[in-house]
Amino acid sequence: MIGFFDALARPLMRMLDPEAAHGLAVKALRVAPLVRPQPDDPKLAVRAFGLNFPNPVGMAAGFDKHGEVPDALFRLGFGFVEVGTVTPLPQPGNPRPRLFRLEPDEGVINRLGFNSEGGEAVLRRLAARAHHGGIVGINVGANKDSADRIADYVRLIETFAPVASYFTANISSPNTPGLRDLQQARTFDDLTARVVDARERVRERAGPTPVLIKIAPDLALGELDDVVGIARRRRVDGMIIGNTTVARPPGLRDRATAREAGGLSGRPLFALATRMLAETYVRVEGAFPLVGVGGIDSGAAALAKIKAGACLVQLYSALVFRGVGLVGAIKTELADALRRGGHRGIDDLVGTDAAAMTAEPWPD
Ligand SMILES: Cc1cc2nc3c(=O)[nH]c(=O)nc-3n(C[C@H](O)[C@H](O)[C@H](O)COP(=O)(O)O)c2cc1C
């Protein structure tokens, strides 16, 4: 049923302006009579940072920015859903147009700039569905005009702790000027100290809530050394690699759209993001788990992320081109690969290719 609807709707959606299509997709999910999916193959279960994930395939941040449809996304088969980025105060983001499809490349460029309904509205929505369960991460960010950006992250952790399964501190969006500077060693040390402190403060009233850091795939390896060293010392719970890229790989076919400012995602991001994931994995040395994101559009791509070092994956852009049936297809392919290789579970494969990947030539 989902597949039928999806096959009909996708060509129509792609005729629309991308942001209108996104709005329509969220509206459709709000009303769609989706049934609960088949229980996941037990081989796909993953335990990471104290949480039990039924399967490793998550909805990446940016699709459900305002917490409108987490339950519909679970019914599509996602093992976890990341809501946000949420900013403390409502803000409109950048002027439109700010979302572009690179059709022949199966890529997306966005410069949304943290359009957010703000913490209060999103919290109210998530509190109303909290009894439904499911792993819902809250991706938090800073308001554009904030005088103390780190305080925004702290405030959101304190506010959302009762409804968050985990937090992601998004310090890697390219669309809020200066935000990525939070990845610079001295500021990053201050940020991690203060968000980890907030995590400890909310533990008593809300239980343990892991805090992950989402980084850019554009960091230089020297910067990655610093970021990983600090994250380990400050005992963050995990990292997400990564966000969209400001790079434009030379192989892009839609050269005109590629000139739009913003972060590139989807298939053209896969090679860079996977390499950065492997580079992160070899530096983390098992101190915390990693989430692999960027250009996943098949079971093989998800498996490559796992072998590069991720125990969980997330995706967004490929849904635009491949439709929501992709989630089930990836899970089936992963379970088949585990069975074929005689593996007990995802854990057996995490990072098995990481060292070899870091020895390959740098991807374009
Ligand atoms: C339209 C759009 C909006 C996004 N918004 C956010 C966001 O608010 N916060 C965030 O951390 N990442 C955001 N992302 C990045 C995604 O979460 C993901 O890291 C990136 O798109 C790479 O995955 P993909 O290639 O599967 O799309 C956004 C991506 C897209 C395409």
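Indexing begins at 1, ligand by ligand and atom by atom, following the structure's order.
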For this session: Give the ring-plane orientation class for His22 versus Phe63, where under 30° counts as parallel, over 60° as perpendicular and anything between as tilted.
Result: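 Rings of His22 and Phe63: perpendicular, over 60°.
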Exercise. Just by distance, do the side chain of Ser298 and the backbone of Ala301 share a donor-acceptor pair under 3.5 Å?
Worked result: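 Confirmed, Ser298 side chain pairs with Ala301 backbone.
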Exercise. Can you name the side chain to side chain contact (heavy atoms under 4.5 Å, CB included) partners of Val196, sequence neighbours left out?
Worked result: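 With neighbours one apart ignored, the set is Arg199, Val236.
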Problem set entry | Greater than 12 external heavy atoms within 6.0 Å of Glu120's CD |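 Count not over threshold, so no.
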Problem set entry | Criterion side chain to side chain contact (heavy atoms under 4.5 Å, CB included) against Ser317, the qualifying member of Asp297, Val108, Leu269 |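 Of Asp297, Val108, Leu269, side chain to side chain contact (heavy atoms under 4.5 Å, CB included) with Ser317 is met by Val108 alone.
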Exercise. Going by an N to O cut-off under 4.0 Å, is there a salt bridge joining Arg267 and Asp105?
Worked result: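 The answer is no: the pair does not qualify as a salt bridge.
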For this session: Would you please write out the protein residues whose heavy atoms approach any atom of ligand 1 to under 4.0 angstrom, listed by chain and number?
Result: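 Ala60, Ala61, Gly62, Lys65, Gly84, Thr85, Leu99, Val108, Asn110, Leu112, Asn139, Asn170, Lys214, Gly242, Asn243, Thr244, Ser265, Gly266, Leu269, Val293, Gly294, Gly295, Leu315, Tyr316, Ser317.
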